[in-house]
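Along the sequence shown, residues carry numbers from 1.
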Amino acid sequence: MTDLETWQTGNDEYLAAGVNWVRLRLERQRGPLETRSASDGKWFRWKPSGLEESHDKDVNQAAARMAAAAEIDPPPALLILSQRLGLTQFEREILLLCAAVELDTRIAGLCAQAQGDPNRPHPTFALAMALFDDPAWEALSPEQALRRWRLLEINQPGAQPLTTSPLRADERIVNYLKGLNYLDDRLTPLLIPFDVASDSEAASGRPHGLPPSQEAVAASIVRSLQQPSERGKLPIIQLVGPDAVSKQLIATRTAASLGLTLFRLPAESLPAQIGEVETLARLWERESTLLPITLYLDAQEVDERLEIEKGGEASPVRRFLSRSQGIFILATREVWLGLGLTGAILDVSKPTPAEQRLAWAGVLEGQAADLPARLAGQFNLNLPSIQQVVQDIAVTDSLEETDLPEQVWNACLLRTRPRLDVLAQRIEVKASWEDIVLPGNELELLRQIADQVEQRSKVYDEWGFRQKMNRGLGISALFAGESGTGKTMAAEVIANELRLNLYRIDLSAVVSKYIGETEKNLRRLFDAAEDGGAILFFDEADALFGKRSEVKDSHDRYANIEINYLLQRMEAYRGLAVLATNMKSALDHAFLRRLRFIVNFPFPSREDRISIWQRVFPLQTPINGLDYDFLARLNLTGGNIHNIALSAAFLAAKAGERVNMPLVLEAARFEFRKMGQPVNENLFQFEKGQEK
């Protein structure tokens with residue numbers, strides 16, 4: 001017989017002895033109640049029935065059997081519960097009486113006989129005070145153990161006195177007394193058990209599934225929880241940062257170190273009503289006392305400002321934490337202040353680039369030796385994501401090494417892509433270096449931008465610059481020039497060269513008239529792009545990054561707050577952000593100082609326009625006798641030239657001809673009229689004999 005089976009047998013013997021003791025006391029006390037005054041020390045007594053003396057011996061023997069059965073180690077469940085929840089002897093006897101009704105069918109009838117009413121086959125406080133020695137009125141208090149811990153259910157209809165209202169033992173508690181210790185089913189729909197550590201163990205090659213940087217955070221939490229608290233209440237641990245998965249890994253590791261089972265409670269699942277939050281808090285506190293469990297309160301997507309506006313200090317999250325005890329790990333994006341007893345506020349980041357490089361090397365098993373460094377330098381993924389990328393592409397021994405880098409890279413792009421689609425538009429990049437026409441200096445700046453993004457890992461990590469820099473680890477560039485001079489194409493060229501996703505920020509979705517919403521939307525964008533698989537392209541950036549103005553009213557103040565936030569967030573951003581504007585002078589000077597590159601896109605010269613005309617038509621387009629020197633006489637930007645070429649192609653397709661000079665010039669006239677410019681026919685005088 002195992003130790004558990006031995007204990008279960010001993011617990012059953014103790015419980016049977018206790019139920020028998022209750023039954024004998026009820027049988028001894030049959031008869032009508034007679035009330036005494038409170039001055040004699042007891043509230044109730046029984047009229048002698050002539051059976052008391054004959055039952056005293058049986059009652060004492062039953063009590064002795066209970067005492068003998070209680071000698072098991074560990075003690076019976078009732079005694080463990082009494083010790084953990086602080087029950088007095090009288091409260092323990094009341095609980096045993098209520099549990100006995102569930103465990104012995106004879107008890108209900110004896111309760112009815114004892115109270116002289118066949119319609120009252122249930123325990124009451126009045127019956128317990130008359131039945132047991134040394135009753136205490138305090139046991140009825142809501143702050144005492146029986147009612148505070150919801151051990152009993154009281155059915156008190158209308159104006160019925162509390163002392164005569166039916167009592168019923170909580171189902172969870174009855175099962176606990178029987179030796180069945182499981183989570184209360186009222187909490188089960190709200191709580192989510194999880195174990196994310198197993199997914200990352202293979203990725204990291206470590207026994208606990210955490211890299212050293214995150215292992216240090218978990219160890220710090222354990223030390224904080226093991227330190228004695230002055231007020232006897234365990235502290236609240238705050239994990240701050242945007243990466244929810246890493247925080248869950250750390251919480252799982254912490255719970256395993258303390259021998260606890262971790263449950264996750266999404267903050268959105270907390271009830272809105274104060275009374276329901278109070279009940280939930282008490283139930284959780286009771287369960288955390290009876291079971292080795294801890295709670296991961298997930299407020300990752302909860303805006304603290306909205307929480308306070310919605311409920312003040314009595315908002316669901318804050319009220320739940322203030323009304324319950326236990327080990328709480330609170331996951332938030334930003335620090336929440338004013339939570340009372342807070343043991344530690346820890347910032348949680350994804351693994352360092354060096355740790356990610358080791359993780360990539362582990363899952364790729366030596367294939368493509370230079371690939372781990374490239375992946376860690378570009379993408380910022382947690383360990384489960386790294387493991388999942390390899391699982392997604394199903395790397396096998398038969399996979400050609402030449403195919404592996406491209407497949408892994410594309411899988412990383414897919415994993416980092418969906419989070420931006422709500423607030424930004426993904427651009428399908430097609431332009432290459434051969435398609436863009438710019439002066440030599442500007443073209444060299446674009447190549448430098450691409451080179452710096454590609455070589456970040458070597459400079460920051462291998463050459464030690466990351467250790468000397470807290471901000472400015474990303475790359476920000478401003479593309480300034482008139483509309484149509486190639487700013488968007490240049491962003492496409494860089495994204496194509498680096499094989500990254502390009503997202504044009506949708507200003508209509510980002511900028512909000514509601515205070516704080518613009519910053520919230522931009523934070524979501526930057527946080528999502530931090531994973532490294534995307535380039536952010538802010539078109540018409542002057543609408544977002546304009547100069548701060550003198551504060552004349554509340555609108556100016558909040559507008560300046562938005563700009564200040566953007567300046568700080570741009571400086572902290574670690575990815576590549578490209579901003580385009582045709583009003584460079586409208587940008588804030590403090591913002592310009594934070595830019596690493598400023599690329600001016602001039603109006604194309606005649607030579608540049610010739611190159612643009614030569615490249616604008618695809619190779620598949622049938623053309624006939626186009627005079628590029630003549631077309632370069634038209635003062636047009638690259639964007640206008642593209643529009644003309646496209647219109648001319650449609651005119652040719654309709655006419656069933658090749659694209660020729662008359663059709664191109666006709667399309668050019670349409671473009672000039674569209675721009676509101678006068679059409680100088682002298683520029684359009686092209687005679688047929690001039691065709692080449």
Side-chain angles (χ1 to χ4, degrees), residues 1-25 58-107 123 128 132 145-146 148-153 167-188 191 193 195 225-226 234 255-263 282-295 325-327:
M1 184 178 291
T2 64
D3 292 340
L4 178 60
E5 292 173 338
T6 301
W7 178 86
Q8 187 66 59
T9 300
N11 185 71
D12 290 342
E13 292 177 358
Y14 174 84
L15 200 56
V19 172
N20 185 54
W21 176 76
V22 169
R23 180 177 58 79
L24 290 173
R25 292 196 75 107
D58 294 338
V59 170
N60 292 335
Q61 289 177 350
R65 285 194 294 271
M66 282 182 63
E71 296 301 321
I72 61 175
D73 185 26
L78 178 59
L79 299 184
I80 295 175
L81 182 141
S82 299
Q83 179 183 13
R84 292 182 177 178
L85 302 185
L87 272 66
T88 64
Q89 180 178 346
F90 179 55
E91 291 169 341
R92 185 169 69 245
E93 291 169 347
I94 295 176
L95 182 59
L96 181 58
L97 170 63
C98 295
V101 175
E102 307 290 342
L103 301 173
D104 189 334
T105 57
R106 296 171 292 180
I107 301 299
F132 302 121
L146 289 177
R148 182 180 186 278
W149 295 110
R150 309 298 202 265
L151 304 181
L152 302 177
E153 298 175 8
L167 302 179
R168 182 175 179 271
D170 185 78
E171 178 184 354
R172 159 76 169 105
I173 299 303
V174 174
N175 288 323
Y176 181 88
L177 299 182
K178 283 289 292 180
L180 303 176
N181 197 12
Y182 61 87
L183 189 68
D184 194 304
D185 58 8
R186 285 167 289 187
L187 294 177
T188 302
L191 302 180
D195 180 14
L225 293 173
Q226 290 176 339
L234 292 171
S257 299
L258 298 172
L260 302 173
T261 300
L262 184 66
F263 287 93
R282 292 291 176 87
L283 286 177
W284 170 259
E285 185 176 356
R286 187 184 77 181
E287 293 304 295
S288 63
T289 305
L290 300 178
L291 288 167
I293 57 177
T294 184
L295 187 65
Q325 296 189 36
I327 298 177

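Within a 6.0 Å sphere centred on CD of Q83, other residues, nucleotides and ligands contribute 12 heavy atoms or fewer. The number of heavy-atom neighbours closer than 6.0 Å to CD of Q61, taken from other residues, nucleotides and ligands shown, is above 12.
L262 and A255 make their closest contact through CB-CB, 3.9 Å (heavy atoms, listed as atom of the first residue, atom of the second, distance). The two atoms that bring S288 and G326 nearest to each other are OG-CA, 4.3 Å, heavy atoms only. Minimum interatomic distance between A69 and E13 (heavy atoms only, all atoms of both residues): CB-C, 4.2 Å.
A salt bridge links R186 to D170: one of the charged nitrogens lies within less than 4.0 Å of a carboxylate oxygen.
Between D73 and W7 the shortest side-chain heavy-atom distance does not fall below 4.5 Å. Looking only at side-chain heavy atoms (C-beta outward), Y14 and I72 stay at 4.5 Å or farther from each other. Contact of the L85 side chain with the R148 side chain is not registered, since no non-hydrogen atoms from C-beta on lie closer than 4.5 Å. Looking only at side-chain heavy atoms (C-beta outward), L78 and R92 come within less than 4.5 Å of each other. Between L183 and F263 the shortest side-chain heavy-atom distance falls below 4.5 Å. Residues E285 and W149 are in side-chain contact: their nearest non-hydrogen atoms beyond the backbone lie under 4.5 Å apart.
T294 places a side-chain N or O within 3.5 Å of a backbone atom of I327 that can act as its donor or acceptor partner. Within the 3.5 Å criterion, the main-chain N or O of A77 finds a donor-acceptor partner in the side chain of N11. Put simply, the side chain of Q226 never gets that close to the backbone of L258: no donor and acceptor are under 3.5 Å apart.
Residues W21 and F132 bring their aromatic ring centres within 6.0 Å.
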side-chain contact (heavy atoms from CB on, under 4.5 Å) between L187 and E287, worked out: CA-CA 9 Å; L187 294 177; E287 293 304 295; 3.5 Å; yes
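Of the candidates R286, R282, R150, R172, D184 forms a salt bridge (charged side-chain N to carboxylate O under 4.0 Å, His left out) with just one, namely R286.
Distance check: L260 CG to I293 CD1 gives 9.0 Å after rounding to the nearest 0.5 Å.
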